Every structure is written in structure tokens, then in C-alpha cells.
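Remember, it's a predicted structure, so these values are computed and weren't measured experimentally.
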Amino acid sequence: MATARNTGALLNDLWDVRAAHALFIHDGHWYHKLRKFPGALFDINGYIKFETEEEYLSCSHLQIRKQISVPGRISSIPGYVRVGAFAEALGRAVTTAETFDPDGIEDARQRTAQALVQRQGQPVFRSRLLNAYAHACCITGTDVVAALEAAHIYPYRGKLTNHPSNGLLLRSDLHTLFDCGLLGVDEKKLTVILAPSLSTSLSTSSYSNLFDLAIRLPKRNSDAPSPEALKWHRRTHGL
């Protein structure tokens, strides 16, 4: 079984985070201090990466003493990256297995396939969004169907919330940002909004060019995203 000391390094390599110093702890609350940068703190679902020591020391979500205390867990820190379903399942498999077990990896693969179906959205809802948006991400235009997910604007609350106007067809990573409230859509201009807490850190990333980008609209007006739902999402997440 991987120890807390080497699990961070293992996940750093497995998920290609490229941190110079990586730390992991099972309960997500306590870590040793980061000593090299870029540095990253991991839990089994994802990570938070600090490009510089200054960014790390100024993070208000960390209490840095002899060890790091994270009262709200690292998943509550703006900029936390939740990895995809297969990466998470593989991470769990390799960090908890006593020895390499091909059957264990296959079990993880089957669980991941089930999680992916759930993540991509209910089949009918996803199918309607795929047709509405011509099988392309409404922000990036990505047309690889396996990478596209049906994102609810207002959270799923039964069949009535599975209407196309309560959905956006998004590339999987953008779906994660949307659900985390780090990305939204302006209900009046129908352009992409980025969370203020990420505007600086994203300025040199591949996401920076999405800011203020006009989203692609469905072929039919009746399938267009609801301004009320977009406004609810934006206000709920403080965008």
C-alpha cells in the first residue's frame, strides 16, 4: 500500500501535474510544508497547485505552521482541480493496492465506465443536447463526442430539469469548471465568465482565451439556454 509520503509523488506522475514537490494525506487536512515550487497538495480526487512560493504562502485557505492545516479541505480552495473519472479510479487502484493486480485495474475500469455514463448525463438529456449543439462543445467547438458532457445549468431535480434549455453541451474539463462555479455564462451577452479568484492564475493558462468568448447557440431557439437559469448559476457562484 502506498504511504502518505510517496502517494503525492505517485499521483503527481500519474496525473501529469508536474509539480516539483507533491504532498498527499488521506484525511485531506494535514500536510508537511511545501519546499519546492511549483508545488501541489493532493487528495484522492484531485489537487491544488501553487506555481510560486508567494502564491502558496498567501493562500488564505491554508494555515501554515510546522505543518499545513487545511480546515476546509483542499477541494474548497479556488483553483482545485478535480481529475476525471478514470484518472481518479486508476489513482485509487494504484495507491491502495498491495501489489499490481490486473483484475483490480479491470474492476476500476468497469466502475469508471459506469461513472462516465453518469457524468456525461442521462442518455436522453445528453442525446438532445448533442443534437441541439450539432455534436460540438458550445464553448470550444470540440467535436469529439466521447469528450462531451451534458451539463445541467440548474442542478438535476428530476425529469423537468432535463430540458435542453437547462443544459449546455460542454467539453468534460469545462463541465467540471462550470459545476465548481469557476466558469459561467453571462445571461445577457451569452459570453463566458471566469471566476475572479481564477482570473490571475488562469491568465497564462490554456483557459484564458475563453474569457468573454461568445458561446455557440443551438440550432433551434427553443433549445437555447435559459437566461434565468444562467443568471441563477452566475449568482449562486458569485460570478
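Among residues two or more places apart in sequence or in another chain, the ring pair (Phe, Tyr, Trp, His ring centres under 6.0 Å) test is passed with Y133 by none. In this view, K189 and D212 satisfy the side chain to side chain donor-acceptor pair (under 3.5 Å) rule, not counting sequence neighbours. F178 pairs by the ring pair (Phe, Tyr, Trp, His ring centres under 6.0 Å) definition with H233, not counting sequence neighbours. Under the rule for a salt bridge (Lys or Arg N to Asp or Glu O under 4.0 Å), R235 has no partner lying at least two apart in sequence or in another chain. In this structure, the salt bridge (Lys or Arg N to Asp or Glu O under 4.0 Å) partners of R234, at least two apart in sequence or on a different chain, are E187.
Between G167 and P225, the shortest heavy-atom distance links the atoms O-CB, 4.4 Å. Nearest heavy atom pair, residue R35 against residue H21, reads N-ND1, 2.9 Å. Of all heavy-atom pairs spanning A40 and V17, the tightest one is CB-CG1, 4.2 Å. Residues G141 and A136 come closest through the heavy atom pair O-CB, 3.8 Å. Closest approach of G8 and A22 over heavy atoms only: O-CB, 3.4 Å.
Here I153 contributes atom CD1 and E228 contributes atom CD; the two are 10.5 Å apart, rounded to the nearest 0.5 Å. In this structure, NE2 in H237 is found 9.0 Å from CG in L182, a value given to the nearest 0.5 Å. Rounding to the nearest 0.5 angstrom, the gap separating the OG1 atom in T7 from the CD1 atom in I25 is 8.5 Å. Interatomic distance, CG of D173 versus CD of E149, reported as 9.0 Å (0.5 Å rounding). In this structure, R171 CZ and D143 CG are separated by 12.0 Å, a value rounded to the nearest 0.5 Å. The line from CG of L41 to CG of L11 is 12.0 Å long, rounded to the nearest 0.5 Å.
H163 places a side-chain N or O within 3.5 Å of a backbone atom of S165 that can act as its donor or acceptor partner. Between the side chain of T142 and the backbone N or O of V144, no donor-acceptor pair lies under 3.5 Å. The backbone N or O of F24 sits nowhere less than 3.5 Å from a side-chain atom of Y47 that would complete a donor-acceptor pair. Between the N12 side chain and the R18 main chain, a donor and an acceptor come within less than 3.5 Å of each other. Counting only distance, with no hydrogens or angles, the side chain of K231 and the backbone of K188 share no donor-acceptor pair below 3.5 Å. Put simply, the side chain of R82 never gets that close to the backbone of S75: no donor and acceptor are under 3.5 Å apart.
Residues L190 and L183 share a hydrophobic cluster, clusters being chains of Ile/Leu/Val/Met/Phe/Trp/Tyr side chains in contact below 4.5 Å. Residues I68 and Y80 share a hydrophobic cluster, clusters being chains of Ile/Leu/Val/Met/Phe/Trp/Tyr side chains in contact below 4.5 Å. Under the 4.5 Å side-chain heavy-atom criterion for grouping Ile, Leu, Val, Met, Phe, Trp and Tyr, L230 is not connected to L239 through any hydrophobic cluster. Both L130 and F125 sit in one connected hydrophobic cluster of ILVMFWY residues. Membership requires side-chain heavy atoms under 4.5 Å apart, directly or through other members. Cluster membership check: I215 shares its hydrophobic cluster with F211, using side-chain heavy-atom separations under 4.5 Å among Ile, Leu, Val, Met, Phe, Trp and Tyr.
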Take N166 and S226, measure what side-chain contact (heavy atoms from CB on, under 4.5 Å) needs, and give me the verdict at the end. CA-CA 6 Å; N166 186 44; S226 162; over 6 Å; no
Applying side-chain contact (heavy atoms from CB on, under 4.5 Å) to L170 and C138, what does each step give before you reach the verdict? CA-CA 6 Å; L170 296 175; C138 71; 3.7 Å; yes
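Using a 4.5 Å heavy-atom cutoff, the side chains of W30 and S69 are in contact. Counting heavy atoms from C-beta on, the side chains of T140 and L210 come closer than 4.5 Å. Looking at heavy atoms from C-beta onward, V70 lies in side-chain contact with I77 at the 4.5 angstrom threshold. Between P78 and C180, the closest side-chain pair of non-hydrogen atoms is not below 4.5 Å.
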Report, one line per pair, each donor and acceptor closer than 3.5 Å where one atom sits in a side chain of residues 56-65; sequence neighbours left out.
residue	atom	partner	partner atom	Å
Y56	OH	L34	N	3.1
S58	OG	E54	O	2.8
S58	OG	E55	O	3.2
Q63	OE1	R65	NH1	3.4

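In the displayed structure, F37 atom CZ is contacted under 6.0 Å by more than 12 heavy atoms of other residues, nucleotides or ligands.
One side chain, H152 or N162, offers a donor N or O that lies under 3.5 Å from an acceptor on the other.
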